[in-house]
Each structure stands twice: as C-alpha cells, then as structure tokens.
Amino acid sequence: MKAWILKTPAPVSGHPLTIAERSVPTPADDELLLRVAACGICRTDLHVVEGELPVRRSPLIPGHQIVGRVAAVGSGVEDSVIGDRVGVAWLNHTCGVCEFCITGRENLCERAAFTGWTVDGGYAEYAVAPAAFSYLLPDTFSDIQAAPLLCAGIIGYRCLRLTEIKQWKGAKLGLYGFGAAGHIAIQLARARGAEVFVCTRDRERHQALAHELGATWVGDAFAEPPVKLDAAIIFAPAGELVPVALKAIAKGGRVVLGGIHMSPIPSFDYSLIYGERVVRSVANNTRDDGREFLLEAARIPVRTHTQTFPSDQANEALIALKNDSIGGAAVLMID
C-alpha cells in the first residue's frame, strides 16, 4: 500500500511527509483492517509532524480521523463484518484495568495508545484499529462529512460537556478560535438553545463562517464580547487567550481548553479567576463521548464545512492548516 510517512518532525513548510510503499497491515485478533476512504487533517497532526508533541513512534503514519470500510476482521471480533463503514478516532486503545479506566475516565489512561501518534494512523490506503475503539458511522454523513467528526467533533462535544452548563436554552457561550472544532461545536450549542459568541482573528474565512452558522456576535480574538459569558471554550492553541477568556466570563463560569498543545499561558491577576471561575483542560476523549456525539450530530444534523485534498497533497493540507487558510475542516481523500 501507499502511505505518508513521517521520519523526522520538521516544519511543514519543508514537506516532511514522504510517500512510501508499506505492507498492508494484518489485523490482530481484536482488530479490524480498514480500506481508508478519507482521513481528516487535524491541528494535532500538525503538532505531531512539527514535533510540538514528543516523538512516540518513528517512522510514523499520521492521521486520526479515519473513515474506512472493513476489509478484514480479526479472529476475536464478533460484531463487525466486511464492508461495514467505520470511523477511528484519536483514542486507539486503553489498558481497561487502571483506576482511570474502571472509573469512566479512560481518556486519562496512562497506557493509552493514540492513533497517528503512538500507533500508525490513516494517511494511508489501509489502517488497522481495535474493533472496540471503532465507531459505526451513521448513514447521515458522507465519508467527507464524517471525517472531521472523529476528532474535531468529538473533542468539541467533550468541551461542551465540561463547561458544565446546566441550562442550555439562553446560555451564553464563547468560542475562541473557529476552525474544525469550533464550527461543529457552534452547531451543537445552537441546537441546544445557546447563544454563541465567537472570537477569532481570521476575518475572511472563520468570522464569515461563524456568521453563516448563526453566531450571535463575532469579533477579533482579543475583542471583549458585549455580554458576560456563562462559559468559554478555547480551541486556538494560544495560551495568551486564557486571561482574555477569563475576563469575559461571569462568576462561576468555566474556561475550557480544547487543545492537546498550547503556547505558554501568561501570568494574570488573581481577580480574573476570583468568583469561583475555573480553567479546565480537556484530555483526549472517551468512547462514550464518541458514541453520544455521533448520535446527537446525526439528529441535528451537523453539517461539516470541508476542504478536500487529493491523496498526494498531505503536506500541502498541513501547510494550509498552519496558515489558517481553511474554512472549516480539511480532509485528505485516499485514492
């Protein structure tokens, strides 16, 4: 099979991914072999490729928003058949026995494996993944539509959960950064009845898309919303936005950090966090997050705004992502 390989992390401007011939992997007893149709391009991929996340596997096939069809089934898998369309997300495997796993917090498992970082991912014609960590995809979504749901969507859903907003109707939610995750999260929040206030630096694409998707107010990344917010989610990997978001939320509100990597957070006055305001990170996702999100997304239904790239343009897709030149989400189409 053909696969994109990362040998040494480097700036994407230097085209660090190379196409190579690899053997088609053989699924283990608990795994599925997928013929990949599409793979979402995520900002986490950018962090992996450029070395902002430590090297955990080398060489590596990146990509963790995989949409494919089952081509072979491991001998121990009972509930999947050849031809099923499934999705594979960031959380690839957990130990199942640690304190985190047995208390509903498998996203924090110390022995977890991650698709496209610690195990090979979906920038390839075939990929393997544990059946127990794969998702049957609703027919509501095409392959292209489904790919961004598998990380941007699931993480956005978990971020919304961790805002701990109890009454969504009339709630005021801030979103900082409006790429793949933000443009899905706004659809969930508005369907629940919230007003959404979007702060993003990109006027041409991201601010225009926020208006299109029904944001109550749209401003620059450092602009102050016209009302106090009940909660805010920061999707941009910019630590300097944390005190900005804290200033924007009401007492008792939460600022949820939705990225796996963020630039340093500057110091700020205690007054910004006083009043029982909370700053909380999101780490990975649970399988329940994925299952619940896909059901809610299909009911609404969520519509992802995508820009597709042919299979030979993985480097170009990452460059476009880094330059904030994608409105919505990028998807790599696998021939």
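Just so you know, residue 1 is the first one in the sequence shown, and it goes up from there.
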Nearest-0.5 Å distance that lies between atom [atom1] in [X] and atom [atom2] in [Y]:
X: Phe178; Y: Asp324; atom1: CZ; atom2: CG; result: 13.5 Å
X: Arg158; Y: Glu292; atom1: CZ; atom2: CD; result: 10.0 Å
X: Arg22; Y: Asp120; atom1: CZ; atom2: CG; result: 5.0 Å
X: Thr286; Y: Phe100; atom1: OG1; atom2: CZ; result: 14.0 Å
X: Ile66; Y: Cys151; atom1: CD1; atom2: SG; result: 11.5 Å
X: Leu173; Y: Ile249; atom1: CG; atom2: CD1; result: 11.0 Å

What pair of heavy atoms forms the shortest contact from [X] to [Y], and how long is it?
X: Val198; Y: Ala215; result: CG2-CB, 4.0 Å
X: Pro148; Y: Thr306; result: CG-CG2, 3.9 Å
X: Gly258; Y: Val282; result: CA-CB, 4.5 Å
X: Pro62; Y: Leu17; result: CG-CD2, 3.9 Å
X: Pro16; Y: Ala10; result: CG-O, 3.7 Å
X: Ala210; Y: Ile186; result: O-CD1, 4.2 Å

Q. How are the rings of Phe293 and Tyr157 set relative to one another: parallel (under 30°), tilted (30 to 60°) or perpendicular (over 60°)?
A.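 Because their plane-to-plane angle lies in the 30° to 60° range, the rings of Phe293 and Tyr157 count as tilted.
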(Q) Parallel, tilted or perpendicular: which one describes the rings of Trp90 and Trp117, with boundaries at 30° and 60°? (A)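 Plane angle under 30°, so parallel.
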Q: Can you establish whether the number of heavy atoms outside Lys7 located under 6.0 Å from its atom NZ is more than 12?
A: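 No, NZ of Lys7 has 12 or fewer neighbouring heavy atoms, counting only those of other groups under 6.0 Å.
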**Q.** Arg111 atom CZ, over 12 foreign heavy atoms within 6.0 Å
**A.**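 Not buried by this count: 12 neighbours or fewer within 6.0 Å.
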Hey, is [X] close enough to [Y] for a salt bridge, meaning N to O under 4.0 Å?
X: Asp312; Y: Lys2; result: no
X: Arg105; Y: Glu99; result: yes
X: Arg192; Y: Glu296; result: yes

Under 3.5 Å donor-acceptor, [X] side chain and [Y] backbone:
X: Gln207; Y: Thr200; answer: yes
X: Trp217; Y: Glu195; answer: no
X: Asn323; Y: Ile319; answer: yes
X: His64; Y: Ile41; answer: no
X: Gln145; Y: Ser142; answer: no
X: Glu240; Y: Phe222; answer: no
X: Arg190; Y: Gly214; answer: yes
X: Thr115; Y: Ala89; answer: yes
X: His183; Y: His305; answer: yes
X: Ser134; Y: Val88; answer: no

Contact check, side chains of [X] and [Y], non-hydrogen atoms, under 4.5 Å:
X: His206; Y: Leu209; answer: no
X: Val119; Y: His93; answer: no
X: Phe141; Y: Thr304; answer: no
X: Trp4; Y: Ile61; answer: no
X: Asp143; Y: Arg85; answer: yes
X: Val48; Y: Pro9; answer: no
X: Glu110; Y: Cys98; answer: no
X: Leu53; Y: Thr44; answer: yes

Q: Carefully, step by step, assess Ser75 and Asp29 under the rule side chain to side chain donor-acceptor pair (under 3.5 Å).
A: CA-CA 5 Å; Ser75 60; Asp29 290 348; 2.9 Å; yes
Q.
Checking Ile326 against Arg205 for the side chain to side chain contact (heavy atoms under 4.5 Å, CB included) test, could you report, in this order, the C-alpha distance in whole Å, the side-chain angles of both residues, the deciding distance, and whether it holds?
A. CA-CA 7 Å; Ile326 294 170; Arg205 298 173 183 85; over 6 Å; no
Cluster overlap [X] with [Y], hydrophobic side-chain contacts below 4.5 Å:
X: Leu332; Y: Val12; result: yes
X: Leu136; Y: Leu34; result: yes
X: Leu246; Y: Val256; result: no
X: Val36; Y: Leu60; result: yes
X: Met262; Y: Ile273; result: yes

Q. What do the steps show when you test Val331 against Met333 for side chain to side chain contact (heavy atoms under 4.5 Å, CB included), and what is the final call?
A. CA-CA 6 Å; Val331 179; Met333 304 303 298; 3.9 Å; yes
(Q) What verdict does the side chain to side chain contact (heavy atoms under 4.5 Å, CB included) test give for Arg254 and Arg277, after you've listed the backbone C-alpha separation in whole Å, the side-chain angles of each residue and the deciding distance to 0.1 Å? (A) CA-CA 6 Å; Arg254 289 179 172 240; Arg277 295 174 178 87; over 6 Å; no
Q: Identify which one of Asn107, Ile155, Leu150 satisfies the side-chain contact (heavy atoms from CB on, under 4.5 Å) criterion when paired with Asn285.
A: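 Of Asn107, Ile155, Leu150, side-chain contact (heavy atoms from CB on, under 4.5 Å) with Asn285 is met by Ile155 alone.
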Q: Give a yes-or-no answer on whether the side chains of Glu106 and Asn284 include a donor-acceptor pair shorter than 3.5 Å.
A: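 Their side chains do not contain a donor-acceptor pair, so the 3.5 Å distance test is not met.
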(Q) Using side chain to side chain contact (heavy atoms under 4.5 Å, CB included), reason through Thr216 and Val196 one step at a time and then give a plain yes or no. (A) CA-CA 6 Å; Thr216 300; Val196 182; 5.5 Å; no
Q) Of all residues at least two apart in sequence or in a different chain, which pass the salt bridge (Lys or Arg N to Asp or Glu O under 4.0 Å) check with Arg303? A)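 Expected list: none.
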